[in-house]
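Shown next, in structure tokens, is the structure this report addresses.
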Amino acid sequence: MINTYFGARIKDSHTINVAIFSDYHKPDDSPINLFINDTIVEKLTISRQSYFNGLVIFECKTKDPLTLGNNYTVVIKDFGIAPLNMEDFLNFPNFDKEFTYNGDDLGFNYSKESTTFKIWAPLASGVYILIRKNKSESFKSYPLTRGEKGVYSIALDGDYDGYCYRYRVINNGISIITTDPYAKASSVNGKDSCVIDFSKTNIDLNEDKLPKLRNENDAIIYELNVRDFTIHPNTDIENKGKYLGLAEKNRKTSQNNPCGLDYLKWLGITHVQVLPIYDFKTVDELNPDKSYNWGYDPQQYFVPEGSYSLEPDNPYSRIIELKKMVAALHKEGIKVNMDVVFNHVYEEQFSVFQRVVPGYYFRKRRNGTLCNGSFCGNDLDTKKPMVRKMIVDACKYWMKEFGIDGYRFDLMGIIDVETMKEVVKECRLIKPDCMIYGEGWDMNTELPSTEKTTINNSFKVPEIGFFNDVYRDIVRGKNEGNEAGYCLGNVNYREGFKFAFQGSAVDYCYQPRFLSANQSINYVECHDNRTLYDRIKACYGDNRDEDILETVKLINGIIALSYGVSFYHAGQEIGLTKFGVDNSYNKGDKYNQFDWSVLDKRFELAKYFQTLISFKKELLKSNKYLKEEISKNISFENLENGGLIIKIQDFNENYEHALLCINPTFNKLHIQLDDYHNVVLASAGANLKSTIYIKNVILGPHELNVFVKERKIS
């Protein structure tokens with residue numbers, strides 16, 4: 001067995017560490033020679049030697065400084081040749097200053113006359129483009145020229161529309177074939193990057209049809225997955241599971257109820273939040289029915305996912321079809337928020353980032369191993385300038401090219417505060433009313449707690465929203481176990497519920513979590529974990545379906561009327577089930593699809609939800625979000641058996657106040673109001689034109705009623 005190892009690694013600009021592990025000792029008179037591009041430069045001076053269990057490390061000095069862009073090798077007689085590993089150059093104190101590139105032209109830049117390609121590869125000693133017109137041709141190879149900041153570029157004359165390309169990047173003496181980190185178009189399954197003429201993808205994205213968002217409190221977000229929402233057989237949607245399926249109008253269920261796009265319009269929600277639509281790894285785009293994944297395994301950040309396209313092998317199709325989907329939603333006045341995953345990638349070691357600039361893009365612990373706060377094997381090092389630039393560039397690109405209206409950041413707590421501030425700044429230059437929000441959990445990554453974009457640091461990023469797990473846990477109950485929250489009858493949470501209802505922004509029994517209610521994403525169900533229906537069922541038992549569905553209505557009403565951002569997961573309004581499954585990210589259609597046959601059975605629940613949304617929009621015309629405004633205009637009255645009346649003032653010019661009467665228990669509640677009030681929300685739904693007035697109230701189990709007192713005209 002060969003038991004000799006020989007390697008060389010840069011330590012600083014004048015120092016190389018040469019390591020030998022062998023039974024054979026290097027003779028003292030055997031020189032260590034440094035070569036550049038196969039030409040000898042000098043005999044290195046050994047300044048120090050270290051020994052450890054057969055390993056010898058020679059610290060060697062060079063006369064001239066070592067610079068990036070050269071192919072260095074170290075040669076020792078009897079041991080052979082070793083490429084000089086340049087990765088530690090990344091840790092030099094001046095690296096970011098010398099190699100941060102601020103240009104906006106990475107990737108390809110096409111014209112009919114020529115196409116320019118640029119790639120940031122500062123450690124590389126050489127980069128070549130491999131390009132061909134179609135699969136029947138062989139790749140042609142051209143060398144790129146190294147320029148400032150470690151950017152390699154080439155301009156190819158002629159019309160390269162439709163050509164596929166790859167890069168051959170040489171780092172540390174190793175040649176690797178890879179795609180373009182800034183690719184905007186792709187062949188099937190991300191095998192090749194592609195050149196396209198973006199003028200061929202231009203369509204009207206109907207952004208002029210979108211109403212302006214006054215503040216985040218006006219938003220009603222509806223989370224869905226492109227495939228899940230249209231794949232069920234109980235509709236006449238033609239392009240099931242595809243971008244275009246979500247763009248089809250006049251589609252119905254078997255019982256002639258609206259579905260797909262028409263259902264979203266009918267509901268009246270303001271924003272659709274789509275699960276990842278950038279290119280992800282673990283679904284075969286040619287055979288999307290043979291595997292399933294939500295898409296939290298990023299592969300290409302600038303390319304739409306191909307499994308949702310009718311022609312995934314056509315680089316144009318996925319782009320045009322996604323734009324048509326966005327345009328169709330915009331035409332109905334619905335904004336599109338995109339779920340993005342900039343905290344990790346799928347398989348760091350095989351990612352385009354590691355192939356192009358090894359050792360740069362991923363956060364490391366102090367001992368040099370990869371951080372894994374994402375629990376996906378790696379964390380992106382967002383404090384690195386070129387990682388931050390990539391994230392910001394991607395967010396700007398999707399807004400400008402596809403009309404995306406906002407972003408939901410997966411595991412945002414792994415991303416540093418300065419990066420998120422830059423995202424907000426740049427995105428709001430494009431769309432001033434765009435929404436930026438995400439998961440603010442404090443994950444165990446090598447980033448100081450003060451620098452993480454967590455809920456604990458919400459005061460540092462007042463323009464960013466956070467999924468409010470305290471709201472979820474108090475209203476519904478925690479994810480773990482089956483303990484009930486307030487709206488499931490645990491009246492011990494009543495005081496905590498008052499805090500949650502106020503957007504967790506008012507100093508009431510708990511310290512405020514947010515500077516304003518705009519930062520509170522009020523939710524009890526999302527794509528993760530059990531559905532609301534399943535969570536209530538686990539608490540109530542199998543034989544309480546009527547109570548479960550009444551509680552679903554109660555909670556959906558509470559979310560709509562709470563201070564903060566209303567967030568719903570597709571199917572929550574009709575009590576869809578995942579059969580108790582907690583994490584269905586790869587479980588397939590059975591567990592994840594929107595079951596339109598359930599809509600037909602429970603259409604009254606959908607109608608209740610639809611009136612609820614309309615009610616929120618009409619009633620709360622002066623919606624407050626600042627904590628001073630909330631505390632000034634809200635008061636609480638405790639009822640027997642854990643019930644609650646919430647009195648809200650100064651919310652609509654037509655009314656003196658509203659009374660929200662909540663019964664979270666299995667018992668009826670009797671309420672005596674001080675005067676007659678107009679009933680505008682009851683178990684059948686909402687109606688601001690109601691002519692029913694009431695003073696003595698019998699509030700049914702799991703019921704929310706709203707009564708208003710009309711303003712007297714003097």
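The first residue of the sequence shown is numbered 1, and numbering continues consecutively from there.
- Not a single side chain to side chain donor-acceptor pair (under 3.5 Å) links Gln593 to another residue, sequence neighbours left out.
- Crowding of Lys695 atom NZ: a count of heavy atoms from other residues, nucleotides or ligands under 6.0 Å exceeding 12.
- The line from OG1 of Thr665 to CG of Leu488 is 12.0 Å long, rounded to the nearest 0.5 Å.
- The aromatic rings of Phe342 and Phe409 sit tilted relative to each other, their planes meeting at an angle between 30° and 60°.
- Contact of the Glu550 side chain with the Leu704 side chain is not registered, since no non-hydrogen atoms from C-beta on lie closer than 4.5 Å.
- Annotation: side chain of Glu223 is in contact with side chain of Phe567 (closest heavy-atom distance under 4.5 Å).
- Between Asp674 atom CG and Lys709 atom NZ the span is 6.5 Å, to the nearest 0.5 Å.
- With rounding to the nearest 0.5 angstrom, the CD1 atom of Ile536 is 8.5 Å from the CG atom of Leu554.
- Nearest heavy atom pair, residue Leu549 against residue Ile574, reads CD2-O, 4.4 Å.
- Within the 4.5 Å cutoff, side-chain heavy atoms of Ile646 are placed close to those of Ile634.
- With ring centers used as reference points, Phe609 lies 6.0 Å or more from Trp266.
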Determine whether Ile464 and Met412 satisfy the following criterion, side chain to side chain contact (heavy atoms under 4.5 Å, CB included), listing intermediate values before the conclusion.
CA-CA 10 Å; Ile464 292 177; Met412 186 169 63; 3.7 Å; yes
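- Listed by first and then second residue, the salt bridge (charged side-chain N to carboxylate O under 4.0 Å, His left out) pairs that reach into residues 232-241 are Glu238-Arg251, sequence neighbours excluded.
- Residues Lys668 and Pro701 have side chains in contact (heavy-atom distance under 4.5 Å, counting atoms from C-beta outward).
- Under the side-chain contact (heavy atoms from CB on, under 4.5 Å) criterion, Lys632 pairs with no residue, sequence neighbours left out.
- Counting non-hydrogen atoms of neighbouring residues, nucleotides and ligands closer than 6.0 angstrom, the CZ atom of Phe666 exceeds 12 such neighbours.
- Under the ring-ring contact (aromatic ring centres under 6.0 Å, His included) test applied with His527, the options Tyr591, Tyr568, Tyr296 reduce to a single match, Tyr296.
- Taking the six-membered ring wherever Trp is involved, the centroid distance between the rings of Tyr243 and Tyr308 falls below 6.0 Å.
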Check against salt bridge (Lys or Arg N to Asp or Glu O under 4.0 Å), Arg535 and Glu525
CA-CA 9 Å; Arg535 183 63 181 74; Glu525 176 184 327; over 6 Å; no
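- More than 12 heavy atoms of other shown residues, nucleotides or ligands fall within 6.0 angstrom of atom CG in Asp675.
- No side-chain donor-acceptor contact under 3.5 Å links Asn633 to the backbone of Ile648.
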Please report the C-alpha distance between Tyr508 and Phe499 in whole Å, then the side-chain angles of each, then the deciding distance to 0.1 Å, and finally whether the ring pair (Phe, Tyr, Trp, His ring centres under 6.0 Å) criterion is met.
CA-CA 6 Å; Tyr508 185 99; Phe499 171 78; 8.0 Å; no
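- Note: Asp595 CG to Asp228 CG = 12.0 Å, rounded to the nearest 0.5 Å.
- At least one side-chain heavy atom of His702 sits under 4.5 Å from a side-chain heavy atom of Tyr540.
- Residues passing the salt bridge (Lys or Arg N to Asp or Glu O under 4.0 Å) test with Lys431 are Glu207, Asp405, sequence neighbours excluded.
- Within the model, atoms OH of Tyr263 and CG of Asn257 stand 9.5 Å from one another, a figure rounded to the nearest 0.5 Å.
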Return all side-chain donor-acceptor pairs below 3.5 angstrom for residues 678-689, not counting sequence neighbours, or 'none' if the list is empty.
{"unit_1": "Asn678", "atom_1": "ND2", "unit_2": "Ser690", "atom_2": "O", "d": "3.1"}
{"unit_1": "Asn678", "atom_1": "ND2", "unit_2": "Ile692", "atom_2": "O", "d": "2.8"}
{"unit_1": "Asn687", "atom_1": "OD1", "unit_2": "Lys689", "atom_2": "N", "d": "2.9"}

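- Under the 3.5 Å distance criterion, the side-chain polar atoms of Ser458 are matched with a main-chain donor or acceptor of Ile455.
- Under the ring pair (Phe, Tyr, Trp, His ring centres under 6.0 Å) criterion, Tyr493 pairs with no residue, sequence neighbours left out.
- More than 12 heavy-atom neighbours from other residues, nucleotides or ligands sit within 6.0 angstrom of CZ on Phe603.
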Test ring pair (Phe, Tyr, Trp, His ring centres under 6.0 Å) applied to Trp441 and Phe466, step by step
CA-CA 9 Å; Trp441 324 135; Phe466 295 83; 9.1 Å; no
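- Taken to the nearest 0.5 Å, the CD1 atom of Ile662 stands 11.0 Å off from the CD1 atom of Ile555.
- Taking the six-membered ring where the residue is Trp, His657 and His677 present tilted rings, their angle falling between 30° and 60°.
- One side chain, Ser520 or Asn522, offers a donor N or O that lies under 3.5 Å from an acceptor on the other.
- Checked against salt bridge (Lys or Arg N to Asp or Glu O under 4.0 Å), Asp473 has no partners two or more places apart in sequence or in another chain.
- Around CD of Gln672, the count of heavy atoms belonging to other residues, nucleotides or ligands within 6.0 Å exceeds 12.
- No donor-acceptor pair closer than 3.5 Å links the side chain of Asp339 to the backbone N or O of Val274.
- The side chain to side chain donor-acceptor pair (under 3.5 Å) search around Asp297 returns Thr282, not counting sequence neighbours.
- By the salt bridge (Lys or Arg N to Asp or Glu O under 4.0 Å) test, Asp545 pairs with Arg602, sequence neighbours left out.
- Here Glu332 pairs with Lys249, Lys265 under the salt bridge (Lys or Arg N to Asp or Glu O under 4.0 Å) rule; sequence neighbours left out.
- When ring centroids are compared, Tyr471 and Phe497 stay outside the 6.0 Å threshold.
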Evaluate the salt bridge (Lys or Arg N to Asp or Glu O under 4.0 Å) criterion for residues Arg227 and Asp589: first the C-alpha distance (whole Å), next the side-chain angles of each, then the deciding distance (0.1 Å), finally the verdict.
CA-CA 9 Å; Arg227 178 183 175 92; Asp589 296 335; 2.8 Å; yes
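- Taking the side chain to side chain donor-acceptor pair (under 3.5 Å) definition, one finds that Tyr437 meets it with Gln273, Asn337, sequence neighbours left out.
- A heavy-atom distance below 4.5 Å is not found between the side chains of Arg530 and Val581.
- Annotation: side chain to side chain donor-acceptor pair (under 3.5 Å) contacts of Asp442 (sequence neighbours excluded): Lys452.
- Looking at heavy atoms from C-beta onward, Leu213 lies in side-chain contact with His271 at the 4.5 angstrom threshold.
- When the shell of 6.0 Å around NZ of Lys607 is examined, it contains 12 or fewer heavy atoms from other residues, nucleotides or ligands.
- No side-chain heavy atom of Leu261 sits less than 4.5 Å from a side-chain heavy atom of Met325.
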